[in-house]
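Notes follow once the structure below has been shown.
Position 1 is the first residue of the sequence; numbering continues from there.
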Amino acid sequence: MREVNTKPQENSKLQKGFNLNDMIEFKIQLEESVVQVFGRKQVEDYLQDFVKQMLLKAAAQDVLEDLQDTDLQNDQEWQTARHLAWQQEKHKYFADK
């Protein structure tokens with residue numbers, strides 16, 4: 001049996017990239033009625049989608065943490081890019097008169 005460290009680390013796997021070759025097998029127990037109602041394939045698909053959502057959520061959290069260190073209000077390049085993007089896209093938000 002392999003022990004899994006659940007404490008967050010300074011250099012998380014998200015920062016380094018996931019190694020999809022490193023797999024840990026989980027065995028779960030479900031009520032038989034769940035599998036009978038939804039089918040084995042749908043339950044497996046749901047669990048895989050759930051894990052993908054967890055990975056996306058973790059990646060988003062890393063991005064949010066990085067953004068906390070960035071001061072966009074005082075970043076001139078960001079302000080310039082934001083202004084140019086608005087000039088390019090503002091026609092989508094105002095009706096022609």
Residue list, side chain to side chain donor-acceptor pair (under 3.5 Å) with [X], at least two apart or on another chain:
X   : answer
N74 : D71
Q87 : K90
K92 : E89

message: Classify the ring geometry of Y93 against W86: parallel below 30°, tilted from 30° to 60°, perpendicular beyond 60°.
response: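 Because their plane-to-plane angle is under 30°, the rings of Y93 and W86 count as parallel.
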
Please list every donor-acceptor pair under 3.5 Å in which a side-chain atom of residues 48-56 meets a protein atom from a residue at least two apart or in another chain.
none

When the side chains of residues 28-36 are checked against the rest of the protein, which donor-acceptor pairs come out under 3.5 Å, sequence neighbours left out?
unit_1 : atom_1 : unit_2 : atom_2 : d
E32    : OE2    : Q36    : NE2    : 2.9

query: Can you find a heavy atom in the side chain of I24 that is under 4.5 Å from one in the side chain of F26?
result: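 In short, these two side chains touch, coming nearer than 4.5 Å.
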
message: Quick check for you: to the nearest 0.5 Å, what is the distance between Q61 atom CD and D66 atom CG?
response: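 Those atoms lie 10.5 Å apart.
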
message: What's the separation between atom CZ in R82 and atom CD in Q73, rounded to the nearest 0.5 Å?
response: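 R82 atom CZ to Q73 atom CD measures 7.0 Å (nearest 0.5 Å).
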
- request: Any chance you could pull the hydrophobic cluster mates of L64, using side-chain heavy atoms under 4.5 angstrom and chaining through other members?
  value: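 Result for L64 is none, singleton.
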
